[in-house]
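Read through the structure below, which is laid out as structure tokens, and then see the notes.
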Number of protein chains: 2
Amino acid sequence: MSTIEDVAKLAGLSRTTVSRVINNHPYVSEDKRKLVMEAMKQLGYVPNSSARSLRSQKTDVIALFVPRIMNPFFSQLVEAMEISAAEHGYQLIICQTRYSPEKELNYMNLLKTKQVDGVILASIQNDWKVLEPFLQYGPIVLCNEFDEQANVPSVMLDQVQGGYIATKHLLEQGHRRIAYCRGSTRSNVASHREIGFRKALAEYGLEFDEQYAFRDAFHSEDGRRVFHQMMALPTPPTAVFTGSDEVAAGIISEANKHGCRIPDQLAVVGFDNQEITELIEPSITTVHQPVDKMAQKALEVMIDKIHSRKYKQREIYEFPLKLIVRESTVANKLAQL
Amino acid sequence: MSTIEDVAKLAGLSRTTVSRVINNHPYVSEDKRKLVMEAMKQLGYVPNSSARSLRSQKTDVIALFVPRIMNPFFSQLVEAMEISAAEHGYQLIICQTRYSPEKELNYMNLLKTKQVDGVILASIQNDWKVLEPFLQYGPIVLCNEFDEQANVPSVMLDQVQGGYIATKHLLEQGHRRIAYCRGSTRSNVASHREIGFRKALAEYGLEFDEQYAFRDAFHSEDGRRVFHQMMALPTPPTAVFTGSDEVAAGIISEANKHGCRIPDQLAVVGFDNQEITELIEPSITTVHQPVDKMAQKALEVMIDKIHSRKYKQREIYEFPLKLIVRESTVANKLAQL
DNA sequence: CCGGTTACTGAAATCGTTTTCATACCTGAA
DNA sequence: TTCAGGTATGAAAACGATTTCAGTAACCGG
């Protein structure tokens, strides 16, 4: 492995000049630059990144925290974020917290040890009070998350609006007994959607009915469970709003199995616009989230913070969601076949 | 930010002793160790990882190359790999080549610049000749990939067997006109499956029929296309083997739409055992791949190579696949409802 | 009592860069 | 002619750790 010293020697110049060429500093004459370039090529020289990071106090690496990657929403987020990072010359280190506060805290040391220039949290497991001290070591940006206490930038999707448009759509279809099915109880995302859900109900003079509320629904299996719970009620709902396409798919799959016709007997709306929404029969009405845009913005904000060094500043960037109507809520769409 | 020097001063000792405490070296008396620990805690000291890497010539970071993360097979791989990495005290940098040889080559510089200790290739876009020179900078391990020329460890799944058991299952169900539907033409994975496919056919005295062969099928949309291509044939196949559950789902979804009964008129077998196989109606017979085991093994092999420094050694680790029979190939399974 | 381990400690070299500082030349304006 | 300022270069310090080397004290067997 050749070092900058080797290049300097071969070119008959000093380390300084070689470094200047590498970093495109001004004040290097054209002929010396040529000499250096030639020497670098001849030796197959590439600067050592540890040495670089040590001296310049930056790593060009960003850590992305997600609960887990398999969840399609987060795969999409990771994919988009990695692409944006690469475009800006950054590498991405993936940290799966697996919903564990300890793991999250442990990964936070990446910032403290200066292994990364910043941390993007697409999932928060600890109280902000616990996380805040890490701000002295580098920037933290929230992505798809939000915390009342957090004095850092937050890039998010307008989940209130998402819950609202989905519910309003069901109301417009004439439904009045609408079940509500959400994931994690702690999640701000889910809470915001619920606000939107309630807001839509309120506009139609309806109240939130606790018997129609189902918690902790994450996967298709939970959807199957919820389907049976709903049908076992004295007056089952005629429509259901779910927090994820997987859950919606589980409900629909189970309904199909038991001869419950969708959307006639039960209308279903999902969330995320995953591929499955178009594969299952009937296809699923859902809410599209501009994950790519959010990821890109979060990364840009992060890079901005890295450069400006003003971390403790609250900023909110919000993107709108879009309803995508398919067969699971609109009967006549089926007739078109 | 405090340095090791600050700790040494506060403890009234030398940098050397502090370093010894940090790295659990022997020959540090208990009382000095206490002093150091106390000083570290008081200052909130954490060693700077760039400085560490520079001196010790290792980063405890591994790069994982995948074409893209959204593909469920690769999300699963990344998830499993990250968990294993964390357990061994390593970080994972994600590199999406997006099927581009240039991007792959570019990411390879992570090894050259010593930003990572090793590279795990879960996707190969360049000829091995192009990649091989990078071996002088650090270890490369293939995961779910294989190259005749590559003189490095390869951790893989027995795709020949996978193609074989899936096809044999169809043959045992009485099918004789079996279509074959694969993804990338360059992929060794797909080639191996085809070998297994042909082997099973041969055992039943059948020949590979080119009219039943479909290439470049990756997504559900391709499945829909293939369905129509198959049905347009003079004598359509009675069964189809696909290289992915998504494609299988596309075929089934399109078949459902057009009143083609599965498995009576067309039996379908997928690959990967993704969640969708149990969500769609009918559920999909598929081949389960022990991705977690493979990922774990690949990481262990990588760590072993990092320590042993013997990179240019060919080793092959292979895991068996398992057929999972569901409704898309076995008629009476539907009857159980 | 001496020579040879073993236990413990620190000064200084080292890893490979970037950055600061000093120096020197050249140009053009006063 | 002089002086300010732009251009070009290199010596040496700095980044923050680990590792080598040397040295001292304690212990132990002959």
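Chain letters run A, B, ... following the sequence lines, proteins first and then strands; every chain starts at 1.
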Exercise. Using modelled atom types only, decide if a donor and an acceptor are shared between the side chain of B/Gln96 and the backbone of B/Pro67 within a distance under 3.5 Å.
Key: no
Exercise. Just compare C/dT18, C/dA7, C/dG10 and give me whichever is closest to any side-chain atom of B/Ser14.
Key: C/dG10
Exercise. Can you figure out which of D/dG10, C/dT19, C/dT9 approaches the side chain of A/Ser19 most closely?
Key: C/dT19
Self-check item: Approximate separation, where rounding is to 0.5 Å, of B/Glu79 CD and B/Leu92 CG
Solution: 12.0 Å
Quiz item: Looking at A/Arg15, does any N or O in its side chain come under 4.0 Å of the phosphate oxygens OP1/OP2 on C/dG16?
Solution: no
Exercise. Kindly point out which of D/dT19, D/dT18, D/dG6 is positioned nearest to the side chain of B/His25?
Key: D/dT19
Exercise. Evaluate the side-chain proximity of A/Ser154 to A/Tyr317: yes if any heavy-atom separation is below 4.5 Å, no if none is.
Key: no
Quiz item: Does B/Thr3 put a side-chain nitrogen or oxygen below 4.0 Å from OP1 or OP2 of D/dG16?
Solution: no
Exercise. Run the numbers on A/Ile120 and A/Leu142 for side-chain contact (heavy atoms from CB on, under 4.5 Å), then give the verdict.
Key: CA-CA 6 Å; A/Ile120 297 179; A/Leu142 306 188; over 6 Å; no
Self-check item: Phosphate-side-chain proximity, A/Lys32 and D/dA8, N/O vs OP1/OP2 below 4.0 Å
Solution: no
Quiz item: Quick one: A/Ile4 CD1 to D/dA14 P, roughly how many Å, whole number?
Solution: 19 Å
Quiz item: Just one of A/Glu132, A/Glu315, A/Lys312, A/Arg314 clears the side chain to side chain donor-acceptor pair (under 3.5 Å) bar with A/Asn151, so which one?
Solution: A/Glu132
Side-chain donor-acceptor contacts of residues 33-47 of chain A below 3.5 Å, not counting sequence neighbours, with atom names and distances?
none

Exercise. Report yes if a side-chain nitrogen or oxygen of A/Tyr27 is closer than 4.0 Å to either non-bridging phosphate oxygen (OP1 or OP2) of D/dA8; otherwise report no.
Key: no
Quiz prompt | Gap between atoms NZ and C1', on A/Lys9 and C/dG16 respectively (whole Å) | solution = 13 Å
Quiz item: For residues A/Gln149 and A/Lys129, is any side-chain donor paired with an opposing acceptor at under 3.5 Å?
Solution: yes
Quiz item: Counting only side-chain N and O atoms of A/Ser29, is one of them less than 4.0 Å from OP1 or OP2 of D/dT9?
Solution: yes
Self-check item: Atom pair distance, as rounded to whole Å: CD in B/Glu5 and P in D/dA17
Solution: 10 Å
Quiz item: Do any of residues 37-50 of chain B sit with a heavy atom less than 4.0 Å from DNA chain D, and if so which?
Solution: B/Tyr45, B/Val46, B/Pro47, B/Asn48
Quiz item: With sequence neighbours excluded, what pairs up with B/Lys58 under the salt bridge (Lys or Arg N to Asp or Glu O under 4.0 Å) test?
Solution: B/Asp60
Self-check item: Nucleotide C/dG16, atom C1' - distance to CG of B/Leu54 in whole Å
Solution: 6 Å
Quiz prompt | Atom-to-atom span, NZ of B/Lys114 to C1' of C/dC15 - whole angstrom | solution = 13 Å
Quiz item: B/Phe65 vs B/Tyr107 aromatic rings, parallel, tilted or perpendicular, using cut-offs 30° and 60°?
Solution: perpendicular
Quiz item: Between atom CG in A/Leu35 and atom P in D/dA8, what is the gap in whole Å?
Solution: 15 Å
Quiz prompt | Per B/Ala51 side chain, nearest of listed nucleotides C/dT17, D/dG16, C/dT6 | solution = D/dG16
Quiz prompt | Helix axis bend for the helix from C/dC1-D/dG30 to C/dA30-D/dT1 - C1'-based end axes, five pairs, 10° rounding | solution = 50°
Quiz item: Which sits closer to the 5' end of DNA chain C, A/Ser56 or B/Gly12, going by the nucleotide each is nearest to?
Solution: B/Gly12
Quiz item: Quick one: are B/Val301 and B/Val155 in side-chain contact, heavy atoms under 4.5 Å?
Solution: yes
Practice problem: Using a 4.0 Å heavy-atom cut-off, write out nucleotides 20-25 of chain C from 5' to 3' as B (base contacted by protein), S (sugar-phosphate only) or - (no contact). | Solution: B-----
Self-check item: Sidechain N-carboxylate O distance under 4.0 Å for B/Glu82, A/Arg98
Solution: no
Quiz item: With respect to the phosphate group of C/dT14, does any side-chain polar atom (N or O) of B/Gln57 fall under 4.0 Å of OP1 or OP2?
Solution: no
Quiz item: Taking the side chain of A/Arg52 as heavy atoms from C-beta outward, which of C/dT17, D/dA8, D/dT18 is closest to it?
Solution: C/dT17
Quiz item: How close or far is atom P of D/dT7 from atom CG of A/Asp31, stated in whole angstroms?
Solution: 16 Å
Exercise. Kindly write out the residues that satisfy side-chain contact (heavy atoms from CB on, under 4.5 Å) with B/Glu300, not counting sequence neighbours, or none if the list is empty.
Key: B/His88, B/Gln296, B/Lys297
Exercise. Using only heavy-atom distances, determine whether the side chains of A/Ser100 and A/Glu102 contain a donor-acceptor pair under 3.5 Å.
Key: yes
